[in-house]
Amino acid sequence: MSTGKLTIDLSALAANWRALDALCSGETGAVVKADGYGLGVAEVCRALARAGARKFFVAVAEEGAAVREALGPGPLISVMSGHMDGDSALLRAHDLTPMISSIDQMLRHVERTPRQSFGIQLDSGMNRLGLEPDEWAALRDIAIRQMPVMVMSHLACADDPDHDMNARQLRVFKEMTAGIDVPRSLAATGGILLGREWHFDLARPGIGLYGGLPFAQARTVVALDLPVIQVRDVHPGETVGYSNTWTAERPSRIATLAAGYADGLIRAMGSRARVHHGETACPVVGRVSMDLIAADITGLAREPEALSILGPHQSVDDLAEAAGTTGYEILTALGDRYARTYLK
Ligand SMILES: *Cc1c(COP(=O)(O)O)cnc(C)c1O
C-alpha cells in the first residue's frame, strides 16, 4: 500500500469538545463545516453527538443534509450561509435551520418555508455576513415575532485576545440584541478563550475541536504517516527534486515519500517542514511534488517504512507555520487519497 495513513482520534476530538464545553458558561455547539474541517463529517458528528453536542453548524445547506443523515432527527443543524435561492427544498427535507443574514433571505424564508425554524445573523463589525444595524432595526420586531432559534454574530479577531476589535464587537452585539428574549451566540473557539463575557447562551467552536490554535490545550486529533517508497544515496553536489532547489552538501540518504501537494501538503511548506521517525526529525528537502516529497534521513540508523508528518511532534499549526498559513487551511486541504482510520 502506498497511500499515506491519516489517523483521526475521535476520543481526542470528544475530549476537546468536553474541555471547551467546561469553559463555556452557556451551551456548546460544534462547527462541522467543510466535511468536519476535512476529517470526515459523519464520523466527526457522531463522535461529537456522543460527547453531548446538540447544536451543529455548517456553511451550506448541502453540508447540512449530510449532517442530518449522520445524526438522524433531533439535533439542531444551522446553515451559516442562510437561506439562498435553491435551498428551500433541502432545508425542508432535512429539517435545517438557516441563519438569515439579509432582508432578502428573510423574505425568501417566510415565503417559501414559513414553518421552518431559522436564526438571525447580525453583522457586529466583520462585514462578511449578517444584517447591518439599520437593517436589523427595520426587521427586528417582525423577525422576533416569528421566534428565531438564536441570534448570532461572528468575531473577526478573537484569535488575538489583545485586539480591541473584540471589545468593540462585543459592545455592538450587546447593543443590537438588548432587550430581546432570544438565545444569543457570539463565540467561536477564539471567543470562548476570551472569557465568559463573550459566551452568551451558545458557543460555536470549530478549530479547537480538531486540535488547532488558538486552543493551545487541545489534544492532538490528526496523525499522518507517509510510506517510504524508495531510499537512495545522494552524493555531495547532487540535487533532489524539481528545479534543483536542494543540493547535498554531504553524502546523504534520501527517502521519497508517498504524498504531495495533491494530498494537501502544500508546496509553500517547502523545506521548512520536517518528518519524524520516533523522536528523530528529518528535514523535508527539495520541492514538494504533486504526489511525492523527499526527506533527508541521513540521521536515521535504519531505513524507516514510514515517516510521520503530522502527530505529536509536528502539529497542524507547526506545518501551517512552515507553509505560511493556518491550521484551518492545512486541515481542510487534507486530500482524499489517504487511507483513513478512526480511533474510537
Ligand atoms: C467557521 C466559523 C466558526 C468556527 O470558528 P473556529 O475559529 O473554527 O472555532 C464559528 N462561527 C462562524 C460564523 C464560522 O464561520
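One-based numbering, in listed order, for ligands and for the atoms of each. Values reported hereafter were calculated over all heavy atoms of this structure, with side chains retained and with hydrogens, waters and symmetry mates removed. Residue numbers start at 1 and run along the sequence shown.
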query = Which atoms of ligand 1 have any heavy atom of Pro205 under 4.0 Å away?
reply = 9 (O)
inquiry  = Tell me if a side-chain donor or acceptor on Thr3 pairs with a main-chain N or O of Tyr338 at a distance below 3.5 Å.
reply    = no
query = Between Ala188 and ligand 1, is there a nitrogen or oxygen pair with a distance under 3.5 Å?
reply = no
ask   = Lys33 heavy atoms, cut-off 4.0 Å: which ligand 1 atoms fall inside?
value = 1 (C), 2 (C), 3 (C), 14 (C), 15 (O)
message = I need the contact type for Phe57 against ligand 1. Using non-hydrogen atoms and a strict under-4.0 Å cut-off, is it side chain, backbone, both or neither?
response = neither
query = Is there a heavy atom of Gly190 sitting under 4.0 angstrom from any atom of ligand 1?
reply = no
query = Can you find a heavy atom in the side chain of Arg184 that is under 4.5 Å from one in the side chain of Phe173?
reply = yes
query = With a 4.0 Å heavy-atom cut-off (strictly under), which part of Met99 contacts ligand 1: side chain, backbone, both or neither?
reply = neither
query = Do Asp87 and Arg108 pass the salt bridge (Lys or Arg N to Asp or Glu O under 4.0 Å) test, and can you show the C-alpha distance, the side-chain angles, and the key distance before you say yes or no?
reply = CA-CA 10 Å; Asp87 284 348; Arg108 182 178 295 127; over 6 Å; no
Thr189 and ligand 1 - part of the residue with a heavy-atom distance under 4.0 Å = both
key: Among Val172, Thr177, Leu170, the one residue meeting side-chain contact (heavy atoms from CB on, under 4.5 Å) with Ser124   = Val172
ask   = So which bit of Arg204 gets within less than 4.0 Å of ligand 1, heavy atoms only: side chain, backbone, both or neither?
value = both
inquiry  = For atom 13 (C) of ligand 1, what is the closest protein heavy atom, and at what distance to 0.1 Å?
reply    = Met80 SD, 3.4 Å
remark   = Looking only at protein heavy atoms, what sits closest to atom 4 (C) of ligand 1 is Tyr37 OH, 3.4 Å
ask   = Considering only protein heavy atoms, which is closest to atom 7 (O) of ligand 1, and at what distance to one decimal place?
value = Tyr328 OH, 2.6 Å
ask   = If you measure every N/O of Gln121 against every N/O of ligand 1, is any gap under 3.5 Å?
value = no
Any donor-acceptor pair under 3.5 Å from Glu63 side chain to Lys33 backbone = no
message = side-chain hydrogen bond (donor to acceptor under 3.5 Å, both in side chains), that's the test. Do His313 and Arg274 meet it? Break it down for me.
response = CA-CA 9 Å; His313 301 298; Arg274 292 145 175 270; over 6 Å; no
message = Less than 4.0 angstrom from a charged side-chain N to a carboxylate O is my criterion; do Glu27 and Arg54 meet it?
response = no
ask   = Does the pair Asp233 and Arg253 meet the rule for a salt bridge (Lys or Arg N to Asp or Glu O under 4.0 Å), with working shown?
value = CA-CA 5 Å; Asp233 290 309; Arg253 293 285 280 169; 3.1 Å; yes
message = Under 4.0 Å, counting heavy atoms only: does Met126 come that close to any atom of ligand 1?
response = no
query = Going by the atom numbers of ligand 1, which of them fall below 4.0 Å from some non-hydrogen atom of Met152?
reply = 13 (C)
request  = Please indicate whether any nitrogen or oxygen in Val31 is less than 3.5 Å from any nitrogen or oxygen in ligand 1.
outcome  = no
Under 3.5 Å donor-acceptor, Asp35 side chain and Tyr37 backbone = no
query = Distance-only, no hydrogens or angles: does the Thr189 side chain make a donor-acceptor pair with backbone N or O of Gly208 under 3.5 Å?
reply = yes
